[in-house]
Amino acid sequence: MADADDLRRLAVALPHVEEIESDGFDFRVGNKGFVWSYPERIPGKARVIRTDIAVLYVGDEAEKQALLLGEPEAFFTAPGYDGWPLVLLRLAAVDVERLEELVTDAWRMRAPESIA
């Protein structure tokens with residue numbers, strides 16, 4: 001079972017990653033976000049930064065759908081993410097090894113070629 005501390009440790013260990021100041025976590029490489037905490041929006045209420053859920057860059061719609069259909073206990077989406085190559089990940093639904101794979105893949109897809 002992974003958590004935000006695991007995610008932070010894994011993300012900052014990757015080359016050229018910077019953490020942007022936020023209420024949760026927000027990691028970028030080459031000025032491009034690859035994983036950040038979920039800003040949950042509930043109609044009529046202020047948004048809540050969820051550090052138990054990560055927004056994860058996945059590259060394309062096919063990969064997004066594969067994760068959503070293949071691991072629905074871990075991955076989901078929300079209306080604001082329709083059409084974007086992003087999935088929402090319940091951190092507690094994956095182990096640290098799986099989280100490392102996901103974070104590294106997201107980093108690799110966003111990092112400049114000279115870094116990745």
Side-chain angles (χ1 to χ4, degrees):
M1 188 162 89
D3 62 21
D5 291 335
D6 295 318
L7 189 144
R8 180 172 278 110
R9 179 178 50 77
L10 295 167
V12 299
L14 295 165
H16 302 280
V17 168
E18 59 181 316
E19 184 172 8
I20 305 302
E21 187 176 326
S22 71
D23 291 335
F25 50 81
D26 185 346
F27 298 99
R28 298 178 189 214
V29 61
N31 246 357
K32 295 179 182 177
F34 65 98
V35 63
W36 57 91
S37 48
Y38 175 46
E40 185 175 38
R41 292 170 178 84
I42 300 171
K45 296 186 178 185
R47 86 178 175 170
V48 175
I49 303 299
R50 300 274 306 267
T51 58
D52 61 321
I53 298 173
V55 180
L56 189 68
Y57 184 83
V58 295
D60 62 30
E61 187 66 23
E63 180 66 18
K64 177 178 183 173
Q65 291 306 315
L67 291 168
L68 293 172
L69 294 171
E71 299 176 69
E73 68 288 346
F75 298 99
F76 68 104
T77 191
Y81 295 89
D82 292 346
W84 293 94
L86 304 166
V87 293
L88 304 173
L89 169 64
R90 295 176 187 93
L91 294 174
V94 296
D95 61 21
V96 175
E97 184 177 314
R98 177 72 168 128
L99 181 61
E100 181 176 21
E101 176 187 321
L102 294 163
V103 169
T104 302
D105 285 350
W107 172 86
R108 192 174 289 119
M109 286 183 273
R110 299 297 275 174
E113 273 188 43
S114 61
I115 297 171

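Only a predicted model underlies this, so the values are computations on that prediction, with no experimental measurement involved.
In this structure, the side chain of S37 engages the main chain of F25 through a donor-acceptor pair within 3.5 Å. The main-chain N or O of G33 is found under 3.5 Å from a side-chain atom of R110 such that the two form a donor-acceptor pair. Looking only at distances, no side-chain donor or acceptor of W107 sits under 3.5 Å from a matching main-chain atom of V35. Side chain of D105 to backbone of L102: no donor-acceptor contact under 3.5 angstrom is found.
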What's the verdict on side-chain contact (heavy atoms from CB on, under 4.5 Å) for V103 and F34, showing C-alpha distance, side-chain angles and the deciding distance?
CA-CA 8 Å; V103 169; F34 65 98; 3.9 Å; yes
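Distance check: Q65 CD to D60 CG gives 10.0 Å after rounding to the nearest 0.5 Å. Separating the CD atom in E101 from the CG atom in L10 is a distance of 12.0 Å, to the nearest 0.5 Å. One finds the CG atom of D26 at 11.0 Å from the CD atom of E21 (value rounded to the nearest 0.5 Å). Distance CG/D3 to CZ/R8: 10.0 Å, rounded to 0.5 Å.
When every heavy atom of A93 is checked against every heavy atom of A74, the shortest pair comes out as CB-CA, 3.7 Å. When all heavy atoms of L56 and A106 are compared, the pair lying nearest together is CD1-CB, 3.8 Å. Nearest heavy-atom pair across P15 and V29 is O-CG2, 4.0 Å. Nearest heavy-atom pair across L69 and P72 is O-CD, 3.6 Å.
Between L89 and L99 there is a side-chain heavy-atom pair separated by less than 4.5 Å. Contact annotation: the side chain of L7 approaches that of L91 to within less than 4.5 Å [non-hydrogen atoms, C-beta and beyond].
The environment of E73 atom CD is dense: over 12 non-hydrogen atoms of other residues, nucleotides or ligands sit within 6.0 angstrom. The 12-atom threshold is exceeded at CZ of R9, counting heavy atoms of other residues, nucleotides or ligands nearer than 6.0 Å.
In this structure, V48 stands alone, with no Ile, Leu, Val, Met, Phe, Trp or Tyr side-chain heavy atom under 4.5 Å from its own, directly or through other members. When hydrophobic side chains of Ile, Leu, Val, Met, Phe, Trp and Tyr are connected at separations under 4.5 Å, I53 ends up clustered with W36, Y38, V55, Y57, F76, Y81, W84, L86, L88, M109.
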